[in-house]
Amino acid sequence: MQTARLLIGDEWVDSSNGSTSGTVNPANGEEIAAFAEATSTDVDAAVAAARTAFESVDWRSMTPDARGRLLWRIADLIEENARELAALETLDQGQPTFVSSNISVPLAAQVFRYYAGYATKIEGKVSPVSIPDQFTYQRRAPLGVCGLITPWNFPLPIVAWKLAPALATGNTAVLKPAEQTPLSTVRLAEICRAAGVPSGVVNLLTGGPDVGKALVAHRGVDKISFTGSTAVGQEIVRVSADDLKRVGLELGGKAPSIVCDDADIDAAVQGNLQGGLFNTGQACGAFTRFFVHRSRVDEFVGKLGTAADALPIGPGQDPGTVVGPLVSAEHLERVAGYVRSGVEEGAQLVTGGERVGGSLAGGYFFRPTVFTEVTDEMTIARVEIFGPVLSVMPFDDLDEAVARANGTDYGLVAVLWTKDVVVAHSLPQRIEAGTVFVNQIPLIDPGAPWGGFGLSGWGRELGSYSLDEYTEPQSVFINLG
Ligand code: NAD
């Protein structure tokens with residue numbers, strides 16, 4: 001078995017103390033690859049390489065046009081290697097092939113192309129100051145070395161969301177993928193080098209939480225962009241207080257779905273099922289709390305339970321699979337624990353609620369689970385489960401639904417199902433979430449910002465908003481007197 005190595009400057013190297021870890025196929029629990037476990041010495045070396053590259057003439061003097069072409073070339077290479085990348089993502093993460101090949105990989109390429117266009121459009125402005133004889137303008141300065149720390153649920157597109165705008169704006173990067181799913185990020189780092197990214201502009205450190213911690217604490221890192229759990233995000237903020245590092249956080253979610261009395265229930269069932277079980281519920285924007293008007297709740301629960309029960313479960317490689325495995329044995333146990341808490345706290349199980357046995361017993365498969373009779377106080381209605389668990393709760397009027405939808409510390413995504421155009425436009429303004437979908441499954445597009453209110457994070461990724469995340473305005477005053 002080959003061991004994935006670290007990329008430091010232009011060298012692929014073993015960890016400084018030779019240590020390695022393994023990553024498993026969640027569909028059967030078998031180890032598929034080993035990867036270098038970076039040490040603090042490796043973190044120092046990667047940050048130093050990124051700093052040298054940031055200050056190098058090669059990178060600083062690269063024209064915006066050339067930088068745009070470089071990003072475009074990365075997108076081309078992602079597409080040229082799309083089948084391999086999708087297979088790798090499915091093998092390592094478990095995601096169904098239709099997700100890896102139709103969403104994860106194309107989205108990664110699309111994001112690089114989107115920011116390739118921005119490389120030539122990082123504009124400043126001229127400010128009309130009132131001091132006589134001054135010409136004052138602002139430019140957008142890159143931040144420097146960016147530590148890009150990513151989670152295991154969508155490894156390739158999430159690293160692309162960070163790396164593409166970081167490079168477009170002239171920064172350098174140290175990538176730190178999740179220890180459960182490093183393989184597609186290793187391949188992306190190879191693609192960056194093959195595309196002609198100069199030495200040290202993109203570095204890669206594989207390994208566990210300690211590698212992330214060392215990057216966050218490192219004084220040579222100017223910015224941390226982190227996607228992951230809220231608890232780790234809060235720790236990153238505390239540690240970054242020491243040097244006031246710039247921090248961007250995309251954290252958890254507990255998305256409400258409000259199904260109004262006039263909703264098309266069949267569309268709402270299908271859309272909520274896709275939104276709730278996309279990537280087996282391992283999505284920060286997953287729909288999880290279903291507030292359904294009391295007049296439609298029985299119909300909704302009946303149809304949702306039947307449809308959830310009928311979804312094909314299997315390894316991601318199987319073309320018919322809709323529900324794949326959870327990412328790890330540890331995560332399977334966590335999800336099963338939340339489901340047990342639902343039953344113990346009095347929720348009614350409509351379907352699912354158990355691990356899948358038989359030929360799938362070796363993998364981390366959990367049946368799509370629907371609960372009814374859920375109250376807002378129950379654990380399953382409050383915490384982010386990050387698995388295929390859907391909780392249905394009736395409501396009587398829209399004011400109540402909005403208050404309960406907002407009754408969470410998270411605020412990443414919400415969805416609304418209605419045929420009433422006034423409700424469709426007015427309700428999103430009352431919902432505290434970074435993105436509100438109306439009659440939609442969760443959609444992500446490079447042109448639309450992604451991020452959350454409250455404990456869902458700080459800042460936004462994607463769209464033009466990301467340019468602000470990777471640049472600092474700098475004013476220049478010229479004396480014309
Ligand atoms: P996690 O927070 O445990 O780990 C994420 C990454 O951080 C991994 O690379 C890990 O090694 C590293 N890490 C762990 N502890 C660290 C520390 N103390 N300092 C620095 N780095 C550290 O999260 P996870 O379990 O991999 O991912 C699931 C979580 O990610 C969920 O809560 C989910 O909602 C969130 N998520 C959010 C978004 C979004 O866009 N808002 C997208 C995907 C996932």
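Because the structure is a prediction, the values reported are computed rather than measured. Counting starts at 1 for both ligands and their atoms, in listed order. For reference, positions follow the sequence shown, starting with 1.
A donor-acceptor pair shorter than 3.5 Å cannot be found between the side chains of S225 and E469.
Salt bridge absent: D210 and K176 never bring a charged side-chain N and a carboxylate O closer than 4.0 Å. The residues R140 and D468 are annotated as salt-bridged, a charged nitrogen and a carboxylate oxygen being separated by less than 4.0 angstrom. One finds no salt bridge joining R355 and E333 here, because no Lys/Arg side-chain nitrogen approaches an Asp/Glu carboxylate oxygen to under 4.0 Å.
Protein residues with any heavy atom under 4.0 Å from ligand 1: I149, T150, P151, W152, N153, I158, K176, P177, A178, E179, G208, P209, G212, K213, V216, F226, T227, G228, S229, V232, E235, E250, L251, G252, C284, E384, F386, L412, W450.
Annotation: salt bridge (charged side-chain N to carboxylate O under 4.0 Å, His left out) contacts involving residues 153-170, sequence neighbours excluded, comprise K162-E461.
In this structure the side chain of P388 never reaches within 4.5 angstrom of the side chain of T369, judged on heavy atoms.
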